[in-house]
2 protein chains.
Amino acid sequence: MSADAQPAPVSAKPPVTLREVAAAAGVSVATASKALNGQGRMTAETRERIRETARLLGFRPNSLAQSLLRKRSFTVGLLTNDTYGRFSLPLMAGVSDALVDNGVSVFLCNVEDDTRLGQLHVEAMLDKRVDGIIATGKRIDRHLPVDLSNLRIPVVYAFTQPDPGAVGLVSDDAGGARLAVEHFVRLGRRRIAHVTGPASFAVVHTRAEAYRDVLRENGLAVSEPLLGAWSEGWGHEAVEKLFGKAGREGWPDAVFCGNDQIARGVIDALRERGIRVPEDVGVVGFDNWEIVAEATRPPLTSVDMNLSTLGREAGLALLSLVGGQWAAPGIRKLPCRLVVRQSCGSPPG
Amino acid sequence: MSADAQPAPVSAKPPVTLREVAAAAGVSVATASKALNGQGRMTAETRERIRETARLLGFRPNSLAQSLLRKRSFTVGLLTNDTYGRFSLPLMAGVSDALVDNGVSVFLCNVEDDTRLGQLHVEAMLDKRVDGIIATGKRIDRHLPVDLSNLRIPVVYAFTQPDPGAVGLVSDDAGGARLAVEHFVRLGRRRIAHVTGPASFAVVHTRAEAYRDVLRENGLAVSEPLLGAWSEGWGHEAVEKLFGKAGREGWPDAVFCGNDQIARGVIDALRERGIRVPEDVGVVGFDNWEIVAEATRPPLTSVDMNLSTLGREAGLALLSLVGGQWAAPGIRKLPCRLVVRQSCGSPPG
DNA sequence: GCGATGTGGGAAAAGGTTTTCTCAAAAGGG
DNA sequence: CCCTTTTGAGAAAACCTTTTCCCACATCGC
């Protein structure tokens, strides 16, 4: 090895500690600590000198040591089983956004649907003394595959089934469905169909119920929702069922779809049949998954569940629980919003 | 407040410490520690008794204290600017998978394209004494909006532009393109077009180069790649350009697309023109984004960048760096694979 | 029975920070 | 000039675990 060889690993000198700052400023660690935290009493001159020294040395307190003492790590865990992040990522963005200003970081863990993995991650979080946990998932009527009910740290459930007595935030699916159907009604559509996902999903029923309510409230004929899959393929099939029969008179003039993929299938199938969207038939989707909604022709009007707001609220709720504040248990529903694009046309006349 | 009011917050008793275990087992903390870690010397009986006590009490060592002492937190940070997680999530799954077995957790931080936010998160990670950082992004020819070059902890770059001298892992885009074009050649296609993204992306040129190479190697006519956007809309337009001209003889019999969305647009546009896929024209996409690839009709054959493998390798590389091992700096390219579905047909005859 | 060896287990320091308590000096009151 | 109060700053404990030493006791060989 030559004399000017690199020192073995990259690792430069270790981080500068409070002790070093204190030494450099000619005070005790206690005084240094107080100076930097704005605690204790000392001359303004001393305080400033210590601060300046710390700045010069690039001092940053060791979070590990702080957390150990304060019994707060300023870290929260975010648990999800939504592999593709379609729902969790906007939610996480909201959570992160709400917490970063409070100096809190977020640990994301994907537990898939694996209980063992879930348990593993939860224990790791507990060991690392996270201040709280936000549980989220890909559907609001299922639990994560892991028990969070007796955790000695606060837990908030967002967009997943909460444990009884816990704080839960979900989207207001009924409200979202109303938004869509009422939009159609306002535009003068009279024969509004509903094509949605499988019966095993609670939201399918929630939304169908709201759909029926709005139709009845407006004196319109209620046709049975078509349940199927959450796929484009099912959208195609549903168009077959709805528009296959001869009498053009019986055709719907609007289709409210359970998600954007179904809507995309519906729109494509209508175009193939020469049925114009939005002139002949209006279409509304659900989820406002931009990558899909903006690629349909015409671009898809869709119900947005405001997941990042949901995440933000979840973050704030957790924060106040961590702070010892009481938060109302039970499920809180947050409103959706309708993102209007071009698949429904304008009011008649 | 009534007598049977709930104790203020949920928080039950604090976690059990090593000291309590030691007391319960009638030994010193030192002995207890050694018993649980398989260190030191003591009778098997003593060791077992301590272990049993710990188990009974549900003792879990405080990671914070351990990390403080060992100067390793068994945590790594994952930095990304890929908001939708299309690339980062598979990558993160791989990273997480590689590390969880080593008892290492992963901190995911989305820094968007915001330097201030990035700096903030990096500092938070440093303060929390993460053992290393994996940087990832949404394209391999751009840096994250944050400087990781002098960090005193190891950094590995995955699917983003590495700093000079650092360890970087990216997909082998040239190889991926070869896979696609050679697949066409093998199937007997002779006039192979290439529709891809904007010139500002390095991969556009890398793949185009490989595309031309394969054509030349096989004595086929090389037509200029069509550069545009990464969207379905561009796929439609490109079909217009390629198949708009009169002479059916000049039409391509295969289109290699720069991503799955373009491919989807191409396939849809072809169908609208009555051109059959795969009989008349074969189509291959890139990214193997299942949600798109499986929804095209017919399902799309696509190049998969093996991002979760990439993540796994990145995790392992970081781990060995953290362990003080030396790792070869520079960019390592990991092979892609072709996922064959139905958009290319079978060999002729 | 005495020194050498081995064995089981404990005391204490370390890691970096915060906080409480204490204390010396300075200032103020009479 | 003496006593009390205030002020500035330090010593030390605490958080929880790991690890290095060290010690007492038992065993063994002679």
Side-chain angles (χ1 to χ4, degrees), chain A residues 11 13-51 53-54 57-75 103 124 126-131 152, chain B residues 11 13-51 53-54 57-75 103 124 126-131 152:
Chain A
S11 55
K13 47 246 155 216
V16 24
T17 71
L18 183 60
R19 192 196 311 277
E20 299 174 279
V21 174
V27 296
S28 71
V29 280
T31 307
S33 171
K34 283 180 287 198
L36 297 175
N37 295 315
Q39 304 288 321
R41 286 178 316 201
M42 67 199 69
T43 52
E45 188 271 328
T46 307
R47 195 181 292 275
E48 201 39 57
R49 177 166 46 90
I50 296 175
R51 290 212 164 132
T53 312
L57 265 48
F59 170 75
R60 310 224 71 211
N62 183 334
S63 287
L64 259 29
Q66 290 183 316
S67 303
L68 185 59
L69 199 55
R70 296 183 176 160
K71 295 170 173 319
R72 270 206 58 188
S73 62
F74 290 88
T75 306
L126 256 31
D127 290 348
K128 298 207 160 112
R129 296 300 187 265
V130 297
D131 298 331
R152 89 168 169 338
Chain B
S11 55
K13 46 249 154 212
V16 24
T17 72
L18 185 60
R19 192 197 309 279
E20 299 174 281
V21 174
V27 295
S28 72
V29 279
T31 307
S33 171
K34 283 180 286 197
L36 297 174
N37 294 313
Q39 305 287 322
R41 286 177 318 198
M42 66 198 68
T43 52
E45 188 272 328
T46 307
R47 193 180 295 274
E48 200 41 55
R49 176 165 46 90
I50 296 175
R51 289 212 163 128
T53 312
L57 264 49
F59 169 74
R60 308 225 73 210
N62 183 335
S63 286
L64 259 31
Q66 291 182 317
S67 302
L68 186 58
L69 199 55
R70 296 182 176 160
K71 298 172 170 316
R72 274 208 50 190
S73 62
F74 289 88
T75 307
L126 255 30
D127 290 348
K128 298 207 161 110
R129 295 300 189 268
V130 297
D131 298 330
R152 88 170 171 340

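Predicted, not measured: the structure shown is a model, and the values here were computed from it.
- Between Q66(A) atom CD and dG15(C) atom C1' the separation is 14 Å, expressed in whole Å.
- Distance L64(A) CG to dC16(D) C1': 12 Å, rounded to the nearest Å.
- Atom CG of D127(A) and atom C1' of dT17(D) are 13 Å apart (whole Å).
- We find that CG of L69(B) is positioned 10 Å from P of dT20(D), with the value rounded to whole Å.
- Distance from the side chain of A65(A) is smallest to dT17(C) among dT17(C), dT18(C), dG10(C).
- One interatomic measurement links the two molecules: CG of L18(A) to C1' of dG15(C), which rounds to 13 Å at whole-angstrom precision.
- Nearest to the side chain of K34(A), among dT20(C), dG10(C), dC15(D), sits dT20(C).
- Here the P atom of nucleotide dA14(D) and the CD atom of E20(B) are 15 Å apart, to the nearest Å.
- Residue L68(A) contributes atom CG, which lies 9 Å from atom C1' of dT17(D) at whole-angstrom precision.
- Backbone-only engagement by T17(B) is indicated by non-hydrogen atom pairs under 4.0 Å involving sugar-phosphate atoms exclusively.
- In the region residues 37-51 of chain A, proximity to DNA chain D at under 4.0 angstrom, judged on heavy atoms, holds for R41(A), M42(A), T43(A), T46(A).
- Distance alone, capped at 3.5 Å, is enough to place a donor-acceptor pair between the E20(A) side chain and the T17(A) backbone.
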All N/O donor-acceptor pairs, side-chain side in residues 67-74 of chain B, below 3.5 Å, sequence neighbours left out:
residue: S67(B); atom: OG; partner: S63(B); partner atom: O; Å: 2.7
residue: S67(B); atom: OG; partner: R72(B); partner atom: O; Å: 3.4
residue: R72(B); atom: NE; partner: D131(B); partner atom: OD2; Å: 3.4
residue: S73(B); atom: OG; partner: T75(B); partner atom: N; Å: 3.4
residue: S73(B); atom: OG; partner: R129(B); partner atom: O; Å: 2.6
residue: S73(B); atom: OG; partner: D131(B); partner atom: OD1; Å: 3.4

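- Dashed line: the shortest gap from a side-chain N or O of R70(B) to OP1 or OP2 of dT18(D) is under 4.0 Å.
- For dA9(D), neither phosphate oxygen OP1 nor OP2 lies less than 4.0 angstrom from any side-chain nitrogen or oxygen of T31(A).
- Here S28(B) does not reach the OP1 or OP2 of dA11(C): none of its side-chain N or O atoms lies under 4.0 Å away.
- When the nucleotides dG10(D), dG16(C), dT18(C) are ranked by their closest atom to the side chain of N62(A), dG16(C) comes out on top.
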Using the side-chain contact (heavy atoms from CB on, under 4.5 Å) rule, take E48(A) and T43(A) through it: C-alpha gap first, then chi angles, then the decisive distance, then the call.
CA-CA 9 Å; E48(A) 201 39 57; T43(A) 52; over 6 Å; no

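- Side chain of R60(A) to backbone of A124(B): no donor-acceptor contact under 3.5 angstrom is found.
- In this structure, D127(B) CG and Q66(A) CD are separated by 8.0 Å, a value rounded to the nearest 0.5 Å.
- Counting to the nearest Å, the C1' atom of dG16(C) and the CG atom of L126(B) are 16 Å from each other.
- Side chain of K71(B), nearest nucleotide from dA11(D), dG16(C), dC15(D): dG16(C).
- In terms of heavy-atom proximity, L126(A) sits nearest to R152(A) at CG-NH1, 3.9 Å.
- A donor-acceptor pair is defined here as one N or O able to donate and one able to accept, closer than 3.5 Å; no such pair exists between the side chain of N37(A) and the backbone of Q39(A).
- In the set dA12(D), dA14(C), dA12(C), the nucleotide with an atom closest to the side chain of A30(B) is dA12(C).
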